[in-house]
Number of protein chains: 2
Amino acid sequence: MDPENRFDEMLKSGNLKSTKHRIAILEVLKGNKIPLSAEDIYIRLKQNNISISLSTVYRVLETLHEKDIVSKVNIPDSNRAVYELHGNEHRHHLLCVKCRKLLAIDGCPLEEYEKLLEDRFGFTVKGHNLEVYGYCNNCAGY
Amino acid sequence: MDPENRFDEMLKSGNLKSTKHRIAILEVLKGNKIPLSAEDIYIRLKQNNISISLSTVYRVLETLHEKDIVSKVNIPDSNRAVYELHGNEHRHHLLCVKCRKLLAIDGCPLEEYEKLLEDRFGFTVKGHNLEVYGYCNNCAGY
DNA sequence: TGTGCAAATGCGAATCATTCCCATTTGGAA
DNA sequence: TTCCAAATGGGAATGATTCGCATTTGCACA
Ligand SMILES: [Zn+2]
Ligand SMILES: [Zn+2]
Ligand SMILES: [Zn+2]
Ligand SMILES: [Zn+2]
């Protein structure tokens, strides 16, 4: 199946209309290993001669995030969010506070912990945000 | 030792001048189990007839955070931060997405995990942000 | 294959937490 | 007490994100 059909299906499964903008945004995300900000995506689309409004980029990302098609990553000590297409894989990132590079970590260390919290606090856990920061191996010596 | 002297020491240990605003902010934080936003603190100070500028509240909180005297908690799906006096204790919180209540969790599940990341990625971990969200026991049935 | 309407989009204005600027005040070392 | 770097006040600026509303478009159904 070609990518566009896969995107159509993803959208349909979320009761979302399949529009060229949504497809285009999904394509940009698919072409990047690194999570992108709304503005990053906006710029890339412009470079591909796709006319779109920045508001629409935000709206689409928000919608896709709600439908759990795209994940939203909050960057520590910043008020920016970045987004990535998750292949059903919940994951986290390492942020280098010096060069600001993001490194994806596969897997999640918190599954057991969430169960523990539910038992201990009678809390129904829906999810969590986790970002780890420090120095990458290039920046380790400061 | 009375609280004010303790605060003086905390500030001195961070090479910070001991000012009435800093002390007042530390006192507000000390009087609250729940983390407070800059504006929360600002309002409480006003109620206590303490004249202060909101900018100063932000600056003081930022400074105390840098010196590791106060911890900064990012609220999921919001661009607000809240702050708390940590008694040397690194901790996390459960956020109820319905009533927006925050519940403190003692301890941290990530110590081992950070070591693992250092080994696996050659990354020097400095810290992490973790917030867990879901429904508290009052809101569990939606 | 055309119609209708809810959903999606464009675009500029608005929001809102936070930061910045710069003139004034203040803590505390000497 | 003097003096200066550090801290503060207050208002403007910032910057990411959201909102309002007019216009367009996908797509279910006839
Ligand atoms: Zn780096
Ligand atoms: Zn996780
Ligand atoms: Zn609740
Ligand atoms: Zn922790």
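Order of the sequence lines fixes the chain letters, A, B, ..., with proteins taken first and strands second; residue numbering starts at 1 for each chain.
A straight line from CG of B/N15 to C1' of D/dA5 spans 13 Å, rounded to a whole angstrom. The distance between atom CG of B/D40 and atom P of C/dA17, rounded to the nearest whole Å, is 10 Å. Rounded to an integer number of Å, the gap from B/R59 CZ to C/dT26 C1' is 14 Å. Between the CD atom of B/E39 and the P atom of C/dC16 there is a distance of 10 Å, given to the nearest Å. For the pair B/K20 NZ and C/dG27 P, the interatomic distance rounds to 6 Å; values are reported in whole Å. For the pair A/L64 CG and C/dA8 P, the computed distance is 10 Å after rounding to whole Å. Rounding to whole angstrom units, CG of residue A/L54 and P of C/dA14 are separated by 18 Å. Rounded to a whole Å, the OH atom of A/Y42 is 14 Å from the C1' atom of D/dA16.
Note on A/T63: nothing from the nucleic acid sits closer than 4.0 angstrom, heavy atoms only. Here A/S37 lies out of heavy-atom contact (under 4.0 Å) with every strand.
Applying the 3.5 Å distance criterion, the base of C/dG27 shares no donor-acceptor pair with the side chain of B/R22. Under 3.5 Å, the side chain of A/S55 and the base of C/dG12 form at least one donor-acceptor pair of N or O atoms.
B/L116 and B/L130 end up in the same hydrophobic cluster when Ile, Leu, Val, Met, Phe, Trp and Tyr side chains are linked at under 4.5 Å. B/L110 and B/L94 fall within the same hydrophobic cluster, defined by Ile, Leu, Val, Met, Phe, Trp and Tyr side-chain heavy atoms under 4.5 Å apart, directly or through other members.
The heavy-atom pair separating A/Y133 from B/N129 by the smallest distance is CE2-OD1, 3.9 Å.
For B/K17, the side-chain atoms get nearest to D/dA5 when compared with the rest of D/dA5, D/dG9, C/dA7. Of the candidate nucleotides D/dT17, C/dG28, C/dG10, D/dT17 has the atom nearest to the side chain of A/A81. Among the nucleotides C/dC11, C/dA8, D/dT17, the one closest to any side-chain atom of A/S53 is C/dC11.
Residues B/S18 and B/Y83 each lie close to DNA chain C; by heavy-atom proximity, the contact nearer the 5' end of the strand is made by B/Y83. With DNA chain C read from its 5' end, the first of the two nearest nucleotides for B/L16 and B/Y58 is the one closest to B/Y58.
Residues B/H90 and B/E111 bring no donor and acceptor atom of their side chains to less than 3.5 Å of each other.
For D/dT25, neither phosphate oxygen OP1 nor OP2 lies less than 4.0 angstrom from any side-chain nitrogen or oxygen of A/H21. In this structure, A/R80 does not reach the D/dG15 phosphate: none of its side-chain N or O atoms is under 4.0 Å from OP1 or OP2. For the pair A/T19 and C/dT9, the criterion of a side-chain N or O lying under 4.0 Å from OP1 or OP2 is met.
Using a distance-only test at 3.5 Å, with no hydrogens or angles considered, a donor-acceptor pair links the side chain of B/E118 to the main chain of B/V125.
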